[in-house]
Structure formats: structure tokens, C-alpha cells
Amino acid sequence: PRGADYGLVSHFTTSVADQVLAGDRLGALRTGLACWRMHPADARYAKPLVYALWPRGLMRAYRNAKARVAGVGPAPGRTS
């Protein structure tokens, strides 16, 4: 169902991923917690918090794989 918060979790997730890649782990954790606190009983709202705990290399690989699937990422064999 699309409510007033439609797309909210994806915005938080993107923000957390950007913070992790920038090396701002504390900021990523704060952002992830802010999202989760909105609806702690809904597992979807925990996704940004989980992403905040990912190692930077894993986040980079995930982002690159997602971009390749979408056709907008680096060429195969390149990581940045």
C-alpha cells in the first residue's frame, strides 16, 4: 500500500549507502536508526540500519552490481 511514506525507506537506504561509501559510519548508523525508529515493528524500516553495518567494500560491490543491472554502472571489470 502506498501511504504518505511511500519511497521513504528507499531514500533512507540511499542516504545510508552514500554515507558508508564516504566513510561516515556514525552518520550512516544515525540515519539508519532514524528510519527504524519511525516504524520499529516493520522490518522494512530496519533495512537502512542493516546497510549501515555493511563493510564499505561490500557496499561498493553491491552498488556496482545494481548499476550494471540497471545499465548505468561501470563497465564489467571496473569497480569505479
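A distance-only check finds a donor-acceptor pair linking the side chain of Arg25 to the backbone of Ala52 [under 3.5 Å]. A donor-acceptor contact shorter than 3.5 Å is absent between the side chain of Ser15 and the backbone of His11.
Minimum interatomic distance between Met59 and Trp54 (heavy atoms only, all atoms of both residues): CE-CE3, 3.8 Å. Residues Gly27 and Gln19 come closest through the heavy atom pair O-OE1, 3.3 Å.
For the atom pair CZ (Arg63) and CG (Leu58), the distance works out to 12.5 Å, reported to the nearest 0.5 Å.
The only option from Leu49, Val16, Val20, Thr13 that meets the side chain to side chain contact (heavy atoms under 4.5 Å, CB included) definition with Thr31 turns out to be Val16. Among the candidates Val9, Leu8, Thr14, Leu29, the single residue satisfying the side chain to side chain contact (heavy atoms under 4.5 Å, CB included) test with Pro48 is Val9.
Comment: Asp24 does not engage Arg56 in a salt bridge, judged by the lack of any side-chain N to carboxylate O separation of less than 4.0 angstrom.
Ring-centre distance between Phe12 and Trp36: not below the 6.0 Å cut-off.
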